[in-house]
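Contents: one structure, followed by commentary.
Chain letters run A, B, ... following the sequence lines, proteins first and then strands; every chain starts at 1. Both backbone and side-chain heavy atoms feed into the values below; hydrogens, waters and symmetry mates do not.
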2 protein chains.
Amino acid sequence: MAVNLKQLAELLGLSQTTVSRALNGYPEVNAETRRRVLQAARETGYRPNRAAQRLATGKAYSIGMVMPIAPGIDSDVHFGEFLAGLAEEAVKHDFHFVLNPSAPEDEEVTFRRLAASGNVDALFLAYMRANDPRIAMLKSLSIPFLVHGRSIGESRDYPFLDIDNTAAFYDAARLLIQLGHQRIALINGPEYLTFSIRRQKGMLRALSEHGLTLDEALVQHSLMTDEHGYRSMQRFLQHSQPPTAVLCSSTVLALGAVRAINQAGLKIGEDISLIAHDDVLPMLKPENFSVPLTTTRSSLRAAGARIATRLIGGILKRGEYPEQELWRAELIVRASTGPAPQK
Amino acid sequence: MAVNLKQLAELLGLSQTTVSRALNGYPEVNAETRRRVLQAARETGYRPNRAAQRLATGKAYSIGMVMPIAPGIDSDVHFGEFLAGLAEEAVKHDFHFVLNPSAPEDEEVTFRRLAASGNVDALFLAYMRANDPRIAMLKSLSIPFLVHGRSIGESRDYPFLDIDNTAAFYDAARLLIQLGHQRIALINGPEYLTFSIRRQKGMLRALSEHGLTLDEALVQHSLMTDEHGYRSMQRFLQHSQPPTAVLCSSTVLALGAVRAINQAGLKIGEDISLIAHDDVLPMLKPENFSVPLTTTRSSLRAAGARIATRLIGGILKRGEYPEQELWRAELIVRASTGPAPQK
DNA sequence: ATTTCCTCCCAAAGCGCTTTGGATATCCGT
DNA sequence: ACGGATATCCAAAGCGCTTTGGGAGGAAAT
């Protein structure tokens, strides 16, 4: 059924060399010949044998991923969504994955082994922290890599894809301030992750630009689960001066926060405003909340797909991709934000 | 640095053939020779080139997995945990993954493509439903596969790994009945998944053996999130005759249920007893609940690892594995269960 | 008219392994 | 002592692709 290069070449009355070159876009082949080859390939459904390509080129055609198994990361809902994007794109190009579950303390060893194994052409890195030691390590490893997120405090000379978390939460906070809110709380992700740090920074900037400050009692860091969102919100509401608005680092956190708010008998968008960051989890759409949520939106799945594209493109040397990308999150206003209540 | 077969053979003064055979356990090689070969392989750190093996044997040395991207599955916390087990084991044997995200309606096409691609030696299947059409399809595909869970209503002649959900919830329900509970509720997973069906069945059996029945109003099916657990429990508590005990299909559901119970001012283990199924999520330990949870326990990660082992073992033809395994969940009693309250 | 230079194509080597089809040597029974 | 097992090893082919090192033929340059 499946044809191979040899058969295809025979069929066309050409040599394997020429067919291979035509298929792989090398210049030394006549335009008309290339057209014929491509057409024949299409008609016969020719698919190059990856094992043979791997052997011949020395490339692995697969990308390695160290899957952190620290509590609260591997089982994170956000992880599955990101992975789906990555995998979706990889499959299109017939790329494989080497998933390497690893506890944080073993990560360095895992990375080295993976890079040395020859089983992967590129590595992927996520869950960035401030002064993350892994990027220096990866630079020394002489294997291409791509970072999801950015470190802080490191030089910026490494390829990454990140969203502009600072700007996102700056925008969100500014909107709340413009609506008259003065006491704004923050339910953030884990404090050691850079996206959390940057979101807080963006929020702080907006506040200070308007002469406001951030009350430490109105900041909570935690794993991004429903339950933690609930508890954080509850704590805020018990404060002698509860906030009139809250920023949430995830719609998952917001889910809990909303519950706490409802339970306290407050009305979202009136008594208290809420903006959450929306990773576009198919399971949890902000427009389906009982009071539709104002969000800063950036699709996690799309980020996964983009990372796969860049990684694969780099390996295949097809096209040029920017080394660094910073996506802007969209601020989408729905019903959960409203003017600050009058005292 | 890395030696290949040829070099290793030269080093030993043997032919590649002999070395290869010694390494792969073929009989026609002298015991002493084999010892020497194995030792040399160890000392030089010889690792066979997978691409070459793939080309020579036609095996892919990788296992395919269709990752369901239906809402509430891919982003499920349980998914990441299971995947970690699978990946952990695969990495040990230098096996790759081909993750294929696919919407349910495209699954059949995806499976066929995957099987035909030659990129995988075996397929893995999960999230089983009653009369699941996928198993008949896979049987027709002439590629080994392994099912996590079991279908219902299909003939049983396919390889699977499942836990005895019926027995688990039978045991759990029986314990509650022995403690004097008469009105027992169930917070279950999605109703179309077989584990949910079986758990309910087990519970029903225990009830009917003691002349009790299951009030339909005391059964809830939903995605296994905190939030759904909360809502389900709330609904039960609003009932004119609320239950005195509850079974939960996941500790994640239990998390929400506990919150609803606390909120109602009831004491767990006294006013209301609770047993949850514990998948051993590292993030959510039943012993860390404010009132430690009685559970039926079976590690999801271990199941993932076992499935990888069986799949890989089958491909490599190393050792024999049972075709079908049914794991027994352990019933672990903690403080969340107590005698039924006196009226 | 001869040389040089492209353009376009090909034969063959090689990637590192497995496997087929012997070869050689030893040992057996008769 | 001799044909036939048996045990142990090897040379070489082959998996399906990429890539090196030409080579033929025509256009351009001298």
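Here B:Glu105 pairs with nothing under the side chain to side chain donor-acceptor pair (under 3.5 Å) rule; sequence neighbours left out. Annotation: side chain to side chain donor-acceptor pair (under 3.5 Å) contacts of A:Arg112 (sequence neighbours excluded): A:Glu108. Scored by the side-chain contact (heavy atoms from CB on, under 4.5 Å) test, A:Gln16 finds A:Leu5, A:Lys6, A:Ala9 as partners (sequence neighbours excluded). A search for side chain to side chain donor-acceptor pair (under 3.5 Å) contacts involving B:Ser299 returns nothing, not counting sequence neighbours. Remark: A:Arg150 pairs with A:Asp162 by the side chain to side chain donor-acceptor pair (under 3.5 Å) rule, at least two apart or across chains. With sequence neighbours excluded, the residues forming a side-chain contact (heavy atoms from CB on, under 4.5 Å) with B:Thr33 are B:Leu14, B:Thr18, B:Val29, B:Asn30, B:Val37, listed by chain and number. Partners of B:Tyr61 by ring-ring contact (aromatic ring centres under 6.0 Å, His included), not counting sequence neighbours, listed by chain and number: B:Phe95.
Between the CG atom of A:Asn49 and the P atom of D:dG16 there is a distance of 7 Å, given to the nearest Å. The separation between A:Arg47 atom CZ and D:dC17 atom C1' is 15 Å, rounded to whole Å. Put simply, OH on B:Tyr26 is 12 Å from C1' on C:dC17, counting in whole angstrom units. As a whole-Å value, the separation of B:Lys6 NZ from D:dA11 P is 12 Å.
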Enumerate all atom pairs, one protein N or O and one N or O from nucleotides 11-14 of chain C, separated by less than 3.5 Å.
from	atom 1	to	atom 2	distance (Å)
C:dA11	N7	A:Thr17	OG1	3.4
C:dA11	N6	A:Thr17	OG1	2.5
C:dA12	N6	A:Thr17	OG1	3.3

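Side-chain proximity of B:Asn24 to the nucleotides C:dC9, D:dG16, C:dT18 is greatest for C:dT18. Comparing C:dG16, D:dC17, C:dT18 against the side chain of B:Asn4 picks out C:dG16 as the nearest. Among C:dC8, D:dT18, D:dT8, the nucleotide with an atom closest to any side-chain atom of A:Asn30 is C:dC8. Distances were taken from every side-chain heavy atom of A:Leu55 (C-beta onward) to each of C:dC15, D:dC17, C:dT18; the shortest belongs to C:dC15.
DNA chain C lies under 4.0 Å from no heavy atom of any residue of residues 31-41 of chain B.
For residues 19-54 of chain A, there are no ring pair (Phe, Tyr, Trp, His ring centres under 6.0 Å) pairs, not counting sequence neighbours. The list of salt bridge (Lys or Arg N to Asp or Glu O under 4.0 Å) pairs with a residue in residues 136-149 of chain B, not counting sequence neighbours, reads B:Lys139-B:Asp157.
Looking at which nucleotide of DNA chain D each of A:Tyr46 and B:Glu28 is closest to, the 5′-most match is held by B:Glu28.
Defining each end axis of the helix from C:dA1-D:dT30 to C:dT30-D:dA1 as the rotation carrying four pairs' C1' atoms onto the next four, with five pairs an end, the two axes are found to diverge by 50° to 10 degrees.
Between A:Phe111 and A:Phe145, the gap from one ring centroid to the other reaches at least 6.0 Å.
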